[in-house]
Amino acid sequence: AQSVTQPDIHITVSEGASLELRCNYSYGATPYLFWYVQSPGQGLQLLLKYFSGDTLVQGIKGFEAEFKRSQSSFNLRKPSVHWSDAAEYFCAVGLTTDSWGKLQFGAGTQVVVTP
Amino acid sequence: GAVVSQHPSWVICKSGTSVKIECRSLDFQATTMFWYRQFPKQSLMLMATSNEGSKATYEQGVEKDKFLINHASLTLSTLTVTSAHPEDSSFYICSAPDEGGEAFFGQGTRLTVV
């Protein structure tokens, strides 16, 4: 069965420091992978996605993620965090063999940014 | 990018009443839409797949008679929470995929049943 694991429930990082959020997936077919960000009480905003090609994906707001098939990982990174990056981050896998656009989400990682 | 509009943003209803939530794709057509539910500080859980012109497909454990889904057109899906109870209070979010497989999300609806 498919699954998405975000090992870190909560991460605290200082403003200006680097950030890495981990995501591991299990899916029988070629994965379509996504990272979304959610501010409190809001919908989801897509940060970046991986469908195929270059395994290092650039997204919005200075985020990037690297797909590593051998490790079944799709970790999200940002070199220098801003206070506005405090939010909930969700990794998701597209269940392409089921229904186009259907997603399974990880549990999420809450990012707190300190001054 | 594509825009998905969800309405209302928040609603408070009395226990036992029904509430309808709308999800519209504003600038593209969506034969399929998805409804998710999110409890506080938890992840999004898929409730059902809304299919234009046919019945919705519900995930295991989701009561189809309580959560009625109607995909009336290529741009509109509605979720009706029937006979709502306090335990139905949650954040409901819809999404619609474009032809490339990217899912666009609505703003979400905060439902509070009192």
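In what follows, chains carry the letters A, B, and so on, assigned in the order in which the sequence lines appear, proteins first and then strands, with residues in each chain numbered from 1.
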| query | How close do Gly101(A) and Pro97(B) get, heavy atom to heavy atom, and via which atoms? | reply | CA-CB, 3.6 Å

Given heavy-atom pairs under 4.5 angstrom as the criterion, report whether the side chain, backbone, both or neither of [X] touches chain B.
X         : value
Phe90(A)  : side chain
Leu46(A)  : side chain
Gln104(A) : neither

| Distance-only, no hydrogens or angles: does the Ser43(B) side chain make a donor-acceptor pair with backbone N or O of Gly108(A) under 3.5 Å? | no

| said: Measuring from atom CD of Gln38(A) to atom CZ of Phe91(B), what distance do you get when rounded to the nearest 0.5 angstrom? | reply: 6.0 Å

| message | As an exercise, state the distance from NZ of Lys102(A) to CG of Leu46(B), rounded to the nearest 0.5 Å. | response | 5.5 Å

Same cluster for [X] and [Y] if Ile/Leu/Val/Met/Phe/Trp/Tyr side chains link at under 4.5 Å?
X        : Y        : answer
Val62(B) : Leu68(B) : no
Phe28(B) : Met33(B) : no
Val4(B)  : Leu79(B) : no
Val57(A) : Ile60(A) : yes

Using a 6.0 Å cut-off, check whether atom [atom1] of [X] has over 12 heavy atoms from anything other than its own residue.
X        : atom1 : value
His7(B)  : NE2   : no
Ile9(A)  : CD1   : no
Lys20(B) : NZ    : no

| task | Mind running side chain to side chain contact (heavy atoms under 4.5 Å, CB included) on Leu44(A) and Tyr36(B) for me, showing each step along the way? | result | CA-CA 12 Å; Leu44(A) 276 72; Tyr36(B) 296 83; over 6 Å; no

| query | Does any heavy atom of chain A fall under 4.5 Å from the side chain of Gln38(B), the backbone, both, or neither of them? | reply | side chain

| remark: So, the part of Leu44(B) with a heavy atom under 4.5 Å from chain A: the answer is both

